[in-house]
Structures are given as structure tokens and as C-alpha cells.
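Beneath this line is the structure, given in C-alpha cells, with notes to follow.
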Amino acid sequence: MEKLIKLGGDMALLWKNYWPAYLGGIRSTLVLALVATIIGCLIGLGCGILNTIPCGEREPLPKRLLLKLLRAIIRIYVEVFRGTPMVLQAVFIYYGLPYFSDNSMRFSSLWAAAILIVSINTGAYMAESVRGGIISIDPGQTEGAKAIGMTHFQTMVSVILPQALRNIMPQIGNNFIINVKDTSIMFIIGFTEFFAFHRYITGVNNMYFPSSAIEMIGYLCMTLAASFLLRWVEKRMDGSDSYELVQTDNLVLSAGTYSYPDRGTPFDEHSREYGEAKGKRRKDKNVNTRGER
């Protein structure tokens, strides 16, 4: 208990002295994670759509060759960036490009470098998520869209992607939460986010564990808030779970195929109007028969 009280006191002291730095790091982390996730989703969306474009034997040869080349490039991109740690990707992009280009390709902004690194990494994961979301849609919907004359582009935009987006929304949220945590490795290129401020503060006062506890609570609060927001977005996308059935339909009613529970239509044999009309016909028939006799 004494250790916990001492830890709480040290954390309070650190927060009192360095709270602007901690809050600045949280802001940088959230902005970087959000922007990189959006760009990564756009990259993944483009790669996923290219991977699902029909490429049959009836397609023109140039189109088939182009699609096969693009899919090979996408496959290499996905496997390389999913199969290597982001910290090494950051080192290769930020330090490797100037090394191979004799400093002609050097980043002038740490923000641009950090956004590029996290976005490319996110896009590699989202490419497979988008592809899986598209192929999870019932093929009958694509066939139905083609049957009414819709092009592949119209089918993707109006039929497939709205449903696929809902299916991959949890994965988008998952990638955002991962990016909130993985931005901590951007200190390797000198980007000052939440974890970088922690390293600076502990270098000044040597209170490593209390500062780490503040970092852990900060990351947990960010991820919990993101999870709550994403669940709210998913619920809004699902729409209402209660529906009211239409009780009257004038078109169906006029066609004689709809009846109210308490009365029928003029064309229903159980309706009052039908019974009166039937009785009148019987009466007229009897009168005519007596006249003939």
C-alpha cells in the first residue's frame, strides 16, 4: 500500500510539472493516428477494388495484363509491409531514402514522414480487409445489378461498397486503435508524440516508472474513447432496429388483393358491398324469370 501511495504521489508530481507536455503528446498522437488511418483506408480501398475487378478470358488482353501487373505490385506491397515491423519501415523510409538517393530525397517535415509511414503500413492491412469485405457480399447482388444494365463501377459504388463498408467498419476501428499505440515508435525518426515526451521527461528526472504509468493510463483512455466512438458509429450505420409495417397501400387496395381485418374490399365476397351487389343480382334474376313465365 505504501508503494502505491508513493507511486500516486510521484505521478501527481510529474503531472503537475509536465502536464502541458503530456497533453501536447496526446494531441500529436491522436492527430497522427487519425490522419494516417484515413489515408491508409483510402489506399486500402483502392487496392481492394483493383484486386476484385473481373478479369476473365473474355476481357481484352491489355486489360488482363494490366490488372495482373497491378495485382502483383499490390501483393508485393501488402506482403512486405505486413511482414515487417513498422519501426524498421520508419528507419528505411526516413533514413534509407536519403542514403540511396545521396540526400536528394530527404523529408523536410517530420509530420509528413510520420504520416507517410503510418499510412502505408495501415493501407497494407486495409487492402486485405477491403478485399474480404467486397467478396463477402452475396454474388447474386452483382448478378442482379448486371441484369438491370449497371456497369461494374455503378455496381461497386451503389450496391457493393455501401454493404462492404459496414462489414469492414470494425477493422477500420481496430486499425485506428492500433495506430494510436504504434505511433509510439515514431520517436525513432525524432517525431515528438506522447511516448517521445515520456522519454524526454524521464531523461530529465529519472522517474521512469511513474511516467510510464501516466503513459499507460493515457493510452488506455485514448483507446477506450476511440472504441466507444466507433461502436456509436457502427450503431448509427445499422439504423433503427424497430420498423412499422405499412397498413394501407392504395395500389394494392384498388387491385382487390388487400382486405382490412374488419371489412373486405368491394371485390371481396366477404365484404358488405359484395353481398349487397350479389343480393341485388339475385333479385333482378328472379324478377326476370317471373316475367318470362
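Reckoned from all heavy atoms, side chains included, excluding hydrogens, waters and symmetry mates.
- Ile135 and Leu165 are assigned to two separate hydrophobic clusters, defined by single-linkage of ILVMFWY side chains at heavy-atom distances under 4.5 Å.
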Side chain to side chain contact (heavy atoms under 4.5 Å, CB included) for Ile160 and Thr142? Distances and angles first, verdict last. CA-CA 8 Å; Ile160 304 300; Thr142 303; 3.5 Å; yes
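- Using a 3.5 Å distance cut-off with no hydrogens or angles, the side chains of Thr37 and Asn179 do pair a donor with an acceptor.
- Heavy atoms from other residues, nucleotides or ligands lying under 6.0 Å from CH2 of Trp15 number more than 12.
- Of all non-hydrogen atoms in Ile120 and Phe81, the two that sit nearest each other are CG2-CE2, 3.3 Å.
- Of the listed residues (Ile177, Leu30, Ile217), just one forms a side chain to side chain contact (heavy atoms under 4.5 Å, CB included) with Met222, and that residue is Leu30.
- Under a hydrophobic clustering in which Ile, Leu, Val, Met, Phe, Trp and Tyr are joined whenever their side-chain heavy atoms come within less than 4.5 Å, directly or via other members, Leu34 and Tyr125 fall into different clusters.
- Note on Glu2 versus Lys6: no salt bridge recorded, every NZ/NE/NH1/NH2 to OD/OE distance being 4.0 Å or above.
- The minimum heavy-atom distance between Leu50 and Leu67, with the atom names listed, is O-CD2, 4.5 Å.
- Within a 6.0 Å sphere centred on OH of Tyr77, heavy atoms belonging to other residues, nucleotides or ligands number more than 12.
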Using the side chain to side chain contact (heavy atoms under 4.5 Å, CB included) rule, take Met126 and Ile43 through it: C-alpha gap first, then chi angles, then the decisive distance, then the call. CA-CA 8 Å; Met126 286 305 304; Ile43 296 174; over 6 Å; no
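- Between Phe107 and Tyr94, the two ring planes are parallel [angle under 30°; tilted spans 30° to 60°].
- You'll find the ring centres of His198 and Tyr22 outside the 6.0 Å limit.
- In terms of heavy atoms, Val80 sits closest to Gln89 at O-NE2, 4.4 Å.
- The pair Arg131-Glu128 counts as a salt bridge, with a side-chain nitrogen and a carboxylate oxygen less than 4.0 angstrom apart.
- Closest of all the heavy-atom pairs between Leu230 and Gly173 is CD1-CA, 3.1 Å.
- Residues Phe197 and Trp19 fall into different hydrophobic clusters, defined by Ile, Leu, Val, Met, Phe, Trp and Tyr side chains chained together at heavy-atom separations under 4.5 Å.
- The two residues Pro210 and Met11 make their nearest non-hydrogen contact at O-CG, 3.6 Å.
- Around CZ of Arg82, the count of heavy atoms belonging to other residues, nucleotides or ligands within 6.0 Å exceeds 12.
- With a 4.5 Å cut-off on side-chain heavy atoms, Asp10 and Phe209 do not count as touching.
- Here the closest heavy-atom approach between residue Ser211 and residue Thr202 is recorded as CB-CG2, 3.6 Å.
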